[in-house]
Amino acid sequence: MIKQDDSIKKILRGKSFKFGDDISTDLIAPGRYFHLRSNLSELAKHVLEDADEEFAGKVNNGDFIVAGRNFGLGSSREHAPTIIKLAGVGAVLAKSFARIFFRNSINIGLPVLVCDTDKIDKDDELEIDLSKGIIKDLTKNIELKFKALPDVMIKLLNDGGLVEHITKNKGFNL
Amino acid sequence: MDKTISEKIISEHAGRDVFAGDIAVVDVDVVMAQDGTGPLAVSQLKKMGFDKVRNPSKSIFFIDHAAPSPRKELSNSHIVLRQYAENCGMVLSNVGEGVCHQILVEDFAAPGEIVIGADSHTCTSGALGAFATGMGSTDIAVGFALAKTWLMVPQTIKVNFNNNPLKGVYAKDLIIYLIGKITAEGATYKALEFSGSFIKNMTIDDRFTISNMAVEAGAKAGIFASDEITEKFLESQGRGKQYKEISADKNANYEQIIDINCSEIEPMISMPHTVDNVCPISQMEKVKVDQVLIGTCTNGRLSDLKIASDILKGKKVNKNTRLIIVPASKKVYIEAIKEGIIQTLVESGAAIQSPGCGPCVGVHQGILGDGEVCLSTQNRNFKGRMGNPDSFIYLSSPATAAYSAIKGYIADVREIL
Ligand code: SF4
């Protein structure tokens, strides 16, 4: 659950884009676009290209990535969550996340939620209440709960990310 | 209360006793980023208003992923890193010096330290008894600025490698076997601590290979206790003074203990497109290989190149296969030249590249064509990893890779041992 705050939107609404297990950071931000890492808006046009060629063209502001196990495994490239966020994705839902990806996402203020994504289908309309920890699948008319984040991460998210946390507190205040 | 190695190191750096599940802000000893992650760290540093780093002599930028640079955008990123390093008095490891993780173990990391790096394979330094872990650019920017980070103390899985492996089976086969057994997320958020009766016979290079791939099981760290082998290695690098004994307490709490009988393992292959998609060599179908890569932070060390050259001596690389060799560092390269290893490899038909990541991450120097197959000694085989999502990457030990380069297909090196 994420506590109420101004820096992140509490209620998110959008459409589901489904992905399978083991979506690596190589699939999210392919190495062949290494040279675009200094041009993130350009790199964002290729987000998840090797997992679903059409995703970048179709995703609308606020939509969700809904994936299987171990989302974001592999390289530490923070460009992966960053371009997901830049592409407009409101949150990533998965059965589980790889460690570095999860931490990077919180640091940059991208909500990453662990829940039973088998219950959600492609194109389902979702409404997520970050403060209550509830995902409503409006298409199916069901409610899912997502796992609470550790307190430190809530603190970081509430500050707007790690850069903002450090700037505000002149160091760590966790 | 007794502690695991991770709990010990983190407690010491937090200034209080902490155990698995606790969260602590800790001092860090070594902080690094590479040319793929460094530029973003620089922009985050600037955003936070830092124009200095806390501990410049232990803050490093490595130019290794796209080195020498294949295009101007990357050359410009390199300029950003060189300038920032220069302004802050940081260490810059330039084109040709080698892969970050190899240089970290040669020149920087030491037992009992905390090492953080904006590269997932930072866990390699765990082989020296350091708590070493990969993070993203923003965490590392803060690490540069403050020489601090926050950590959740991980639970630890103890892995006992018991008994010596048979001929033809190497550290790489053991770690691939382990990842196949526990899966690519078997150790997520946890530390792996390596132990068992084979440990005392393992070379330091073997340990680097094993720690390097801990992250392929999702692990936060892959740690060995330090011992005479660690000490000898540090002495050989002129850093004997940095040796310190570190090991787990007798009654430390492990989340799980995994026993592996190394003598029952055969050469292993990770098949496309995940590292945990493993297959023992005896069960492999015949897979033709277009390219073989021996190198990277996993297996580009002197002993790896030596194994390859012993197999390739007096033989030729198959006419349908190309062999690329990338020494992991300048030190490795020079030694390999002195020992005649490089000459043997070149005579056999190998293309040698300057120390660095080489083709591992799909930026340059060996990008695969459509439908092509590469057998590589690297640590990852994700779809698209080597620059082309329509190609196929298999992973193996340097011995399997060298022998397969001669045969032209993935072959069982035990046939000639
Ligand atoms: S050699 Fe490969 S795995 Fe190692 S640091 Fe370089 S790109 Fe990463």
Please say whether more than 12 non-hydrogen atoms of neighbouring residues, nucleotides or ligands are located less than 6.0 Å from [atom1] in [X].
X	atom1	value
A:D118	CG	yes
A:K140	NZ	yes
B:E255	CD	yes

Is chain A contacted by the side chain of [X], its backbone, both, or neither, given a heavy-atom distance below 4.5 Å?
X	result
B:Y189	both
B:T138	both
B:R385	both
B:V361	both

Given side chain to side chain contact (heavy atoms under 4.5 Å, CB included), test A:R32 with B:V363 step by step and report yes or no. CA-CA 5 Å; A:R32 66 177 179 283; B:V363 183; over 6 Å; no
Measuring from [X]:[atom1] to [Y]:[atom2], what's the distance to the nearest 0.5 Å?
X	Y	atom1	atom2	result
B:L40	A:T82	CG	OG1	6.0 Å
B:D139	A:N104	CG	CG	6.5 Å
B:Q44	A:I166	CD	CD1	11.5 Å
B:H121	A:S76	NE2	OG	9.5 Å

Using non-hydrogen atoms and a 4.5 Å limit, figure out which bit of A:Y33 sits close to chain B: side chain, backbone, both or neither. neither
A:E78/B:T37 under side chain to side chain donor-acceptor pair (under 3.5 Å): CA gap, chis, key distance, verdict: CA-CA 8 Å; A:E78 196 172 297; B:T37 56; over 6 Å; no
Can you tell me which of [options] forms the most heavy-atom pairs within a distance under 4.5 Å of chain A?
options	value
B:D276, B:I140, B:V25	B:V25
B:I367, B:V215, B:T183, B:V142	B:V142
B:M386, B:K220, B:E216	B:K220
B:T149, B:T274, B:N379	B:T149

Going by heavy atoms in the side chains, are B:W150 and A:V152 under 4.5 Å from each other? yes
Non-hydrogen side-chain atoms of B:S77 and A:H35 separated by less than 4.5 Å: no
Classify the ring geometry of A:F34 against B:H65: parallel below 30°, tilted from 30° to 60°, perpendicular beyond 60°. parallel
Using heavy atoms and a sub-4.5 Å threshold, report which of residues 167-174 of chain A line up against chain B, by residue number. A:T167, A:G171, A:F172, A:L174
Determine which residues belonging to residues 14-25 of chain A lie within contact range of chain B, meaning some heavy atom pair is under 4.5 Å apart, and list them by number or answer 'none'.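 A:D22, A:S24 fall under the 4.5 Å cut-off.
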Check this for me, if you would: do A:D50 and B:K383 make a salt bridge, where the nitrogen-to-carboxylate-oxygen distance has to be below 4.0 angstrom?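 Salt bridge: no.
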Any side-chain hydrogen bond (donor to acceptor under 3.5 Å, both in side chains) involving residues 62-72 of chain A? Give me the pairs, sequence neighbours left out, ordered by first then second residue. A:R69-B:E185
Under the side chain to side chain donor-acceptor pair (under 3.5 Å) rule, what do A:R77 and B:S120 come out as? Steps first, then yes or no, please. CA-CA 8 Å; A:R77 63 192 77 155; B:S120 59; over 6 Å; no
Which pairs would a plain distance check flag for residues 36-43 of chain A, meaning a side-chain donor or acceptor within less than 3.5 Å of a matching protein atom at least two apart in sequence or in another chain?
residue: A:R37; atom: NH1; partner: B:G36; partner atom: O; Å: 3.2
residue: A:E42; atom: OE1; partner: A:K45; partner atom: NZ; Å: 2.9

Shorter than 4.5 Å, heavy atoms on both sides: which option in A:G31, A:G74, A:G161, A:P30 has the most such pairs with chain B? A:G74
